[in-house]
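Below is one structure, written out as structure tokens; the observations come after it.
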Amino acid sequence: MDANTRFNFSAIDKKWMKRFADEPVNVYSDGKPSLYYLAMFPYPSGTGLHVGHWRPYVINDIMCRHQMLKGNYVMQPMGWDAFGLPAENYAIQTGVHPAKTTAESIVTFKKQLDDIGAALDWSREINTSDPAYYKWTQWIFIQMFKKGLAYEKDMLLNWCPSCKVVLANEESVGGCCERCGETATKKHLRQWMLRITAYAERLLNDLDGLDWSYKVKKMQTDWIGKSYGAEITFDVKGTDKEITVFTTRPDTLFGATFMVLSPEHELALQVSDPIHYEAVKQYINETSAKSNIDRMAAKDKTGVFTGAYAVNPVTGEDMPIWVADYVLIDYGTGAIMAVPAHDERDFEFASKYGLVIRRVIARDEDDTGIMEAAYAGEGVMVNSGFINGQKSKDAIESVANHLEKEGLGKKTVNYKLRDWVFSRQRYWGEPIPLIHCPICGVVPVPDAQLPVELPYVESYKPSDTGESPLSRIEEWVNTPCPQCGAASKRETNTMPNWAGSSWYYLRFADPHNSEAPISPEAMKKWVPVDLYIGGVEHAVLHLLYVRFYTKFLYDIGVVDFEEPFKRFFCNGMINLNGSKMSKSKGNYISPDDIIACYGRDVPRLYILFVGPPEMDSEWDENGIEGVFRFMGKAWKLVSENAGKTAKPTKELLFARNKLIKDVTERLAAFSFNTVVSAFMEGVNKLLDLSKSSGVDKETLETLIILLAPFAPFTSAEMWEITGHSTPLFAQKWPVCDESALRVDEITIVIQINGKVRENISVPAGSDKEEIIKAARTAAKPKFPQEQPLKEIYVPNKLVNFVF
RNA sequence: GCCCGAGUGAUGGAAUAGGUAGACAUAACAGACUUAAAAUCUGUCGGAGGCAACUCCGUGCCGGUUCGAUUCCGGCCUCGGGCACCA
């Protein structure tokens, strides 16, 4: 595939890469309305970029360049999400400092991003591992701490034994580490948490106003997981203790025949009677040793009886209290009322341990009442005292109201969202800027002492105990308390790698500000982001965290908006041989090879042409060859017609304006693959017309300007060879002249009983009667009878004769 | 298990306020040019039947609504994704 023997686009790239560097393309719209288009910044890994990574950058650049030509000033910055485990793990193996490897990776990445040909504004480059940047990451954390949103908690956590680090709920995927896939175990640790749950309702509600894909909104909605229900309090028989449960089905209260506490529930041992105490204790110990995945994978539900009973507030009946690990401590209240007849899990548990199963909902009139499985659907209440005969849907409300009136419970909501485990037991991250003072307690580092710089260490090795490598640096750890001066110790945990990326979009607007994360002026001018582009892998993690940070920054007055990204476009991946491109597995296409062969514009166009941008697509060698042929044709069209004079014939005007219309409309719809189709169709048509009438100057110019965002280098060269000295990106995006698209004749489809039978041409502007008459004449020979029963007429499109 | 999304030629994919299914491209085949190849250009290209004009069938499967369904509705099947004992 030595494409250079055919046409050398690389030479054009070289020339215009230099020109664009000397004279940035966005200067022509300086002072115009400002937009901010952002593609997710990368983690500068040691492996570099492959063409599978190109998609969001190419799309963003095209959108930016299009806006420049529409007379807007667009900020398209780029930076580095530079903290992260791979660099640290590499350091453990080799002893090379993560800062060094990261700096080297950045050099490679910068070149590779420039290779995409994007008009990136490097004057705004940021790096999350730069103390000048993370000063503000730490400052934001301190503001959260001051507002009570950051808190310390001793808790049982997901722990990755391979990364030797705790996992946030979002980082534990199916009980495994999101990063390395290792099965997560449980560990008791003192950790810093962020109270993201305090924002659950806002994070959920504000999704409504966002121009994001349904898919991503749905993922976030499900992750937040709001459920409506009631909290109900049960007395523990013979004690003054109470058990509060959360249920979404208060209608089934009459069918609640036993209670289940999570093994971690504080009452589990407290309510146990002496006979059962040891068994309960042993069960609690056993379950705490199990990993999440073992708990989930268990085929059989297990549990122990405590010997205690609660009282059902509506039936007055005794309910044995059990402890079982199918009840989770961190959802609801960590305790449930079990309704075995109408909950699959309770049914399974009750069946195993011989507990009472009482049906309280009849599915329909034919319901025999024999229960072979739980019935969780709707129906009519039975065996349910004052709600007998009600529809279960209505009974939810009746029971909840009754409980509220009697003071036995209240309506409430619950979320699946958990607070964010925010500390990490690793070196290569932002130090948490807190000091533990024996007198004052936890004290934030004063602003004047920020940033708390990451100290140099000899050994990066993480420990199995959950101690950060930083804890071994005595001279760094020991520090006087900023408040009372007493000998104190620094917090040695670092922040998760999501911290820096949770507000970076703000910093691009004001990257060098040493007084604040962002100035009010820069904030007003640039943010929120007008368009954000990136992969679906961040749909819950990063995107949820950024939204949370933004809402917090709104609350403390740093920004005046609550959502960071007005529009988010979620791009699909580009695969090779049916699976994700991966450099380590050797399954990838090297950008260097592609650029050497085709230059930069061809792969840009191919990335768009490969398939709908929101879907995963497959890289195809032959496909890029087709785009290369198209570029060759476009070049031929322009270069052969550049010096000539030709009249703008009706056909040329039509082709020109159709191209404007198609490209503009499809671009606005993010249908990039069909934009490329429109170019191919348009160029084929113009080449065809050039044989007879030539191609007029303005049509050539129009084509070049339209093509400019997509293939900026070749277009710039074309612009020059058509005799222009003014810069291409200072031109105006063409506007379609609808009058040029008018045609003299239109095609009318004739159907008989809904099947296409004829095509006729009629003069444009013919009225209904004329068209039907012409259709009738044309189709008459095919009529099965003299007269149709009905004539359906669709204006300017079709006539259907029905018999 | 629950919740989303998607099934269209040999292939990637077009086209849905319901109105000529297969745009654009790839592959394949045939031809032109060439000593030859590459490149380039032209033609054919969903299936079946027919010399032909044409006819019938065809957008995962079954049914429905409609003059007309790839598009809307109901029920299945397959694939992809999210969540996963969330009470």
Side-chain angles (χ1 to χ4, degrees), chain A residues 2-3 5-7 173-175 213-223 225-227 229 245-249 252 256 260 262 292 295-298 301 324-328 330-339 342-346 348-349 376 414-418 536 539-540 572 606 609-612 614-627 629-630 632-633 636 662 666 671 673-684 687 747-759 782 788-803:
Chain A
D2 184 10
T5 57
R6 289 173 282 167
F7 189 81
V173 179
S213 68
Y214 170 77
K215 179 171 123 179
V216 173
K217 285 193 194 184
K218 176 92 170 86
M219 281 170 75
Q220 292 221 350
T221 303
D222 290 349
W223 188 261
K226 184 177 185 176
S227 311
V245 304
F246 171 73
T247 178
T248 55
R249 296 293 302 274
T252 62
V260 188
S262 158
N292 256 8
R295 253 170 100 156
M296 287 191 307
K301 295 206 174 355
D325 68 359
Y326 80 90
V327 175
L328 309 173
D330 50 3
Y331 179 76
T333 62
I336 62 158
M337 64 174 207
V339 185
H342 304 290
D343 182 281
E344 212 178 297
R345 297 150 299 180
D346 298 344
E348 189 191 330
F349 193 79
N414 251 292
Y415 302 92
K416 288 187 194 172
L417 184 69
R418 311 286 152 92
V536 74
V540 280
Y606 178 62
F609 191 57
V610 71
E614 69 282 1
M615 308 253 281
D616 287 354
S617 306
E618 175 75 18
W619 182 275
D620 177 11
E621 287 278 331
N622 292 320
I624 194 167
E625 198 51 27
V627 175
R629 282 177 206 150
F630 157 73
K633 287 184 197 174
K636 184 178 163 195
D662 285 349
R666 294 173 188 189
S671 182
N673 51 330
T674 60
V675 171
V676 179
S677 299
F679 276 120
M680 288 171 165
E681 207 178 349
V683 166
N684 284 343
L687 272 175
T747 303
I748 299 290
V749 174
I750 304 172
Q751 295 185 339
I752 295 178
N753 289 331
K755 296 200 173 209
V756 178
R757 282 292 175 270
E758 282 293 336
N759 275 320
K782 292 184 178 170
L789 298 172
K790 213 161 141 189
E791 290 162 351
I792 312 274
Y793 171 67
V794 181
N796 298 322
K797 269 194 179 154
L798 136 163
V799 180
N800 186 13
F801 296 105
V802 183
F803 292 91

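Labels below follow one simple rule: chain letters A, B, ... track the order of the sequence lines, proteins then strands, and each chain is numbered from 1.
Residue V245(A) is classed as having no contact, given no heavy-atom separation below 4.0 Å to the nucleic acid. Counting any heavy atom pair closer than 4.0 Å across all strands shown, K633(A) reaches sugar-phosphate atoms only and no base atom. Looking at heavy-atom distances under 4.0 Å, G332(A) makes no contact with the nucleic acid at all. Using a 4.0 Å heavy-atom distance criterion, V756(A) is classed as a sugar-phosphate-only contact. As judged by a 4.0 angstrom heavy-atom cut-off over every strand, N800(A) is placed among the base-contacting residues.
When the C1' atom is used for both G5(B) and U55(B), the distance is 39 Å, rounded to whole Å. Taking the C1' atoms as reference points, G68(B) lies 35 Å from G43(B), given to the whole Å. When the P atom is compared between A23(B) and U11(B), the two are found 15 Å apart, to the nearest whole Å. Comparing G63(B) with C77(B), their C1' atoms sit 15 Å apart, to the nearest whole Å. Comparing A21(B) with A84(B), their C1' atoms are spaced 41 Å from each other, to the whole Å. With P as the reference atom, A17(B) and C72(B) are 10 Å apart, rounded to whole Å. For the C1' atoms, the distance from A15(B) to G64(B) is 24 Å, rounded to whole Å. Taking atom C1' on both nucleotides, A28(B) is separated from G18(B) by 36 Å, rounded to a whole Å.
Nucleotide G7(B) holds its C1' atom 15 Å from the CG atom of D616(A), rounded to whole Å. Across the protein-nucleic acid pair, W223(A) atom CH2 and A84(B) atom P stand 5 Å apart, rounded to whole Å. Following rounding to the nearest Å, E614(A) (CD) and G13(B) (P) show an atom-to-atom distance of 11 Å. When rounded to the nearest whole Å, the span between CZ of R757(A) and C1' of C67(B) equals 14 Å. In this structure, the CG atom of D330(A) is 12 Å from the C1' atom of C85(B), given to the nearest Å. Atom CZ of F349(A) and atom C1' of A87(B) are 14 Å apart (whole Å). Remark: C1' of G58(B) and NZ of K755(A) are 11 Å apart, rounded to the nearest angstrom. The CD atom of E618(A) sits 13 Å away from the C1' atom of U26(B) (whole-angstrom rounding).
Put simply, K215(A) has no side-chain N or O that comes within less than 4.0 Å of OP1 or OP2 on G5(B). A close approach under 4.0 Å does occur between a side-chain nitrogen or oxygen of S227(A) and OP1 or OP2 of A87(B). The side chain of R249(A) places no N or O atom within less than 4.0 Å of a non-bridging phosphate oxygen (OP1 or OP2) of A87(B). Proximity of Y214(A) to the phosphate of C4(B): no side-chain N or O atom is located under 4.0 Å from OP1 or OP2. Residue N673(A) has no polar side-chain atom (N or O) positioned under 4.0 Å from OP1 or OP2 of G12(B).
Nearest nucleotide to the side chain of P612(A), out of A14(B), G12(B), G82(B): A14(B). Proximity note for T247(A) (side chain, C-beta onward) versus A25(B), U20(B), A87(B): the nearest is A87(B). The side chain of T674(A) approaches A15(B) more closely than any other nucleotide in the set A27(B), A15(B), U20(B). Out of C3(B), C85(B), U40(B), the shortest distance to the side chain of D222(A) is found at C3(B). Out of U40(B), A15(B), G82(B), the shortest distance to the side chain of M219(A) is found at G82(B). Out of A87(B), C24(B), U20(B), the shortest distance to the side chain of Q751(A) is found at U20(B). Checked against A87(B), C67(B), G12(B), the side chain of F609(A) finds its nearest nucleotide in G12(B).
Side-chain N/O atoms of K416(A) and base N/O atoms of C83(B) include no donor-acceptor pair closer than 3.5 Å. Checked by distance alone, E344(A) brings no side-chain donor or acceptor within 3.5 Å of a matching partner on the base of G1(B).
A donor-acceptor pair under 3.5 Å is formed between the side chain of R666(A) and the backbone N or O of T674(A). Put simply, the side chain of N414(A) never gets that close to the backbone of S227(A): no donor and acceptor are under 3.5 Å apart.
None of I624(A), V675(A), V627(A) except one satisfies the side chain to side chain contact (heavy atoms under 4.5 Å, CB included) rule with F609(A); the exception is V627(A).
Annotated as syn: G9(B), whose O4'-C1'-N torsion sits within 90° of 0.
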- Quick one: the dot-bracket string of RNA chain B, using Watson-Crick and G-U wobble pairs with both distances under 3.5 Å, [ ] for crossing pairs and | for bases paired to another strand. (((((((..(((......[....))).(((((.......))))).((((....))))..(((((..]....))))))))))))....

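Comparing F246(A) and K782(A) by the nucleotide of RNA chain B whose heavy atom lies nearest to each, the residue mapping closer to the 5' end is K782(A). Between M680(A) and R418(A), the one whose closest nucleotide on RNA chain B sits nearer the 5' end is M680(A).
Taken from CG in D346(A) to CD1 in I336(A), the straight-line distance is 4.0 Å, to the nearest 0.5 Å. The line from CD1 of I748(A) to CG of L798(A) is 8.0 Å long, rounded to the nearest 0.5 Å.
Ring-plane geometry between Y606(A) and W619(A) is classed as perpendicular, the angle between the planes exceeding 60 degrees on a 0 to 90 degree scale with a lower cut at 30.
Environment of NZ in K215(A): sparse, with no more than 12 heavy atoms of neighbouring residues, nucleotides or ligands closer than 6.0 Å. A 6.0 Å sphere centred on CD of E344(A) holds no more than 12 heavy atoms belonging to other residues, nucleotides or ligands.
V536(A) has its side chain within reach of M219(A): a pair of non-hydrogen atoms, C-beta onward, lies under 4.5 Å apart. The shortest side-chain heavy-atom distance between Y326(A) and E348(A) does not fall under the 4.5 Å cut-off.
Contact record, A539(A) with Q220(A): O-NE2, 2.8 Å, taken as the closest heavy-atom pair.
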